[in-house]
Amino acid sequence: MPLLEISRLTHRFEGLCAVSDFNLRVDPHELVGIIGPNGAGKTTVFNLMTGVYRASEGSINFQGKELVGLNPHSITRLGIARTFQNIRLFREISVLDNVRIAHYGQTAYSPAEALLHIGRFRAEERRITLQALDLLAVFHLDASANEKAKNLPYGLQRRLEMARALATEPKLLLLDEPAAGMNPNEILQLMDFIRWIRRTFSVTILLIEHQMRLVMGVCERLVVLDFGATIAEGLPAEIQANPKVLEAYLGEEVAS
């Protein structure tokens, strides 16, 4: 069975159709890319999948559960996590606390226990802290655990955002333009890093990206959007030579 199956997904903003009849199947452990020009509807698809928007039409089925109509918190608990094109860390708190926060959907203590610091609260807090430190060590961020997130270099902030997403123990990780703002050398390192994440955490990855070097280097297959509609789907080599894709990116005259 597929991990994710999206059928006839459509979304409109006051009459403007941002996503039209979008279909996608992702199997466990795949690494799939969604590409397309600016404004093609890529991030809207992610926002529909994570409950930021509610689809106008269609179905998003994740492990047999319908996601349309669920709130973001519920979708995260089902096993979907994401990063953002513009990094969204809690900039004024520590690196450690950024990761600790992601664990709170899995806590076993009650609001009363948290308020009064009784019962399961202390043991759970210790468990969360140790798990967060372990994850930071895996990402080579443990030396910066007590630094404010805003003080990390840009590349390490990206890494922290991925660590925080993985702290929710997702089965599906959505990466929204992870190479944004990176130079060519950093992109090469990111390619290895994404492969390492999939291998280490045994997670399925769905990727939005403009950097074709990264997309062609890590994705097993690609879906191409233009003006909210799918114009091509296939292996990276097939997409690279597809006339419709070239036209969408370069214009009809250049593509021909």
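Counting from 1, the numbers follow the sequence of the chain as shown.
- Using a 4.5 Å heavy-atom cutoff, the side chains of Met49 and Phe62 are not in contact.
- Listed for the Glu177 side chain is no donor-acceptor partner under 3.5 Å among the backbone atoms of Ala179.
- Each of Leu9, Val19, Val52, Leu225 was scored for a side chain to side chain contact (heavy atoms under 4.5 Å, CB included) with Thr44, with one residue passing: Val19.
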**Request:** Test Arg221 against Glu238 for salt bridge (Lys or Arg N to Asp or Glu O under 4.0 Å), laying out the working first.
**Result:** CA-CA 9 Å; Arg221 59 186 178 91; Glu238 296 170 343; over 6 Å; no
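- When all heavy atoms of Leu136 and Ala145 are compared, the pair lying nearest together is CD1-CB, 4.0 Å.
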**Prompt:** Does the side-chain contact (heavy atoms from CB on, under 4.5 Å) test come out yes or no for Val218 and Arg195, once each step is laid out?
**Reply:** CA-CA 7 Å; Val218 302; Arg195 295 188 193 102; 3.9 Å; yes
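- Phe84 has its ring centre no less than 6.0 Å from the ring centre of Phe46.
- Here the side chains of Ile60 and Leu4 are in contact, with some heavy-atom distance below 4.5 Å.
- A donor-acceptor contact shorter than 3.5 Å links the side chain of Asn61 to the backbone of Gly64.
- Side-chain N or O atoms of Thr168 include one that pairs as donor or acceptor with a backbone N or O of Ala165 at under 3.5 Å.
- Between Ile80 and Thr50 there is a side-chain heavy-atom pair separated by less than 4.5 Å.
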**Prompt:** Given the rule in the side chain to side chain donor-acceptor pair (under 3.5 Å) test, do Asn47 and Arg82 qualify, once you have shown the distances and angles that lead to the verdict?
**Reply:** CA-CA 10 Å; Asn47 286 338; Arg82 73 177 292 183; 2.7 Å; yes
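- Side-chain atoms of Asn38 and His210 include a donor-acceptor pair closer than 3.5 Å.
- Residues Leu160 and Ile87 form no side-chain contact, since every pair of their non-hydrogen atoms from C-beta on lies 4.5 Å or further apart.
- Here the CD atom belonging to Gln189 is positioned 8.0 Å from the CG atom belonging to Asp192, to the nearest 0.5 angstrom.
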**Message:** Before you tell me yes or no, could you show the steps for Leu175 and Leu173 under side-chain contact (heavy atoms from CB on, under 4.5 Å), namely the whole-Å CA-CA distance, both residues' side-chain angles and the distance that decides it to 0.1 Å?
**Reply:** CA-CA 6 Å; Leu175 302 178; Leu173 178 62; 3.8 Å; yes
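- Heavy atoms from other residues, nucleotides or ligands lying under 6.0 Å from CZ of Phe227 number 12 at most.
- Linking Ile, Leu, Val, Met, Phe, Trp and Tyr residues whenever their side-chain heavy atoms come within less than 4.5 Å leaves Met212 and Ile205 in two separate clusters.
- Arg164 places a side-chain heavy atom less than 4.5 Å from the side chain of Phe90.
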**Item:** Stepwise side-chain contact (heavy atoms from CB on, under 4.5 Å) check, Leu207 with Leu214
**Value:** CA-CA 10 Å; Leu207 169 74; Leu214 186 149; 3.5 Å; yes
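- Here the side chains of Met162 and Pro178 are in contact, with some heavy-atom distance below 4.5 Å.
- Cluster annotation: Val99 is connected to Phe139 through the hydrophobic network of ILVMFWY side chains, with a link wherever side-chain heavy atoms come within less than 4.5 Å.
- Annotation for Arg12 and Ser56: closest pair N-OG, 3.0 Å, computed over non-hydrogen atoms.
- Closest of all the heavy-atom pairs between Thr204 and Asp27 is CG2-O, 3.6 Å.
- Taking CD1 from Ile197 and CG from Leu31, the interatomic distance works out to 10.0 Å, rounded to the nearest 0.5 Å.
- The closest donor-acceptor contact from the side chain of His11 to the backbone of Arg54 lies under 3.5 Å.
- For the pair Lys244 and Glu247, the salt-bridge criterion is not met [side-chain N within less than 4.0 Å of a carboxylate O].
- Of all heavy-atom pairs between Val68 and Ala55, the closest is CG2-CB, 4.2 Å.
- Side-chain atoms of Glu209 come within 3.5 Å of backbone N or O of Gln211 as a donor-acceptor pair.
- Side-chain contact between Leu78 and Leu67: present, with at least one pair of heavy atoms (C-beta onward) separated by less than 4.5 Å.
- Thr10 places a side-chain N or O within donor-acceptor distance of the main-chain N or O of Asp21, the cut-off being under 3.5 Å.
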**Message:** For a side-chain contact (heavy atoms from CB on, under 4.5 Å) check, start with the C-alpha distance between Leu96 and Leu133, then their side-chain angles and the critical distance, and finish with the verdict.
**Reply:** CA-CA 7 Å; Leu96 175 60; Leu133 286 170; 3.8 Å; yes
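- A salt bridge does not link Glu57 to Arg8: none of the charged nitrogens lies less than 4.0 Å from a carboxylate oxygen.
- Figure legend: cation-pi geometry between Arg159 and Phe193, with NZ or CZ positioned under 6.0 Å from the six-membered ring centre and within 45° of its axis.
- The distance from the CG atom of Leu24 to the CD1 atom of Ile34 is 5.5 Å, given to the nearest 0.5 Å.
- Looking at Arg88 and Glu161, no side-chain N of the basic residue comes within less than 4.0 Å of a carboxylate O on the acidic one, giving no salt bridge.
- Under the 4.5 Å side-chain heavy-atom criterion for ILVMFWY residues, no single connected hydrophobic cluster contains both Val245 and Phe22.
- Linking ILVMFWY residues whenever their side-chain heavy atoms come closer than 4.5 Å, directly or via other members, leaves Ile194 and Leu174 in distinct clusters.
- Taking 4.5 Å as the limit, every side-chain heavy atom of Val215 sits out of range of all side-chain heavy atoms of Ile239.
- Val26 is not connected to Leu166 by any chain of hydrophobic side-chain contacts under 4.5 Å among Ile, Leu, Val, Met, Phe, Trp and Tyr, and they are in different clusters.
- With hydrogens and angles disregarded, a donor-acceptor distance shorter than 3.5 Å links the side chain of Thr76 to the backbone of Pro72.
- Side-chain contact annotation: Ser94 with Glu147, donor-acceptor N/O pair under 3.5 Å absent.
- Using modelled atom types, one finds no donor on one side chain facing an acceptor on the other under 3.5 Å when comparing Arg91 with Asn98.
- Nearest heavy-atom pair, Pro236 versus Leu222, reported as atom, atom and distance to 0.1 Å: CA-CD1, 3.9 Å.
- Of the possible polar contacts, one joining the Lys42 side chain to the Pro37 backbone as a donor-acceptor pair under 3.5 Å is found.
- When every heavy atom of Ile75 is checked against every heavy atom of Gly51, the shortest pair comes out as CD1-N, 3.5 Å.
- Here Arg158 does not pair with Glu186 in a salt bridge; the nearest charged N to carboxylate O distance is not below 4.0 Å.
- Checking Thr43 against Asp176 by side-chain atom types alone, a donor-acceptor pair falls below 3.5 Å.
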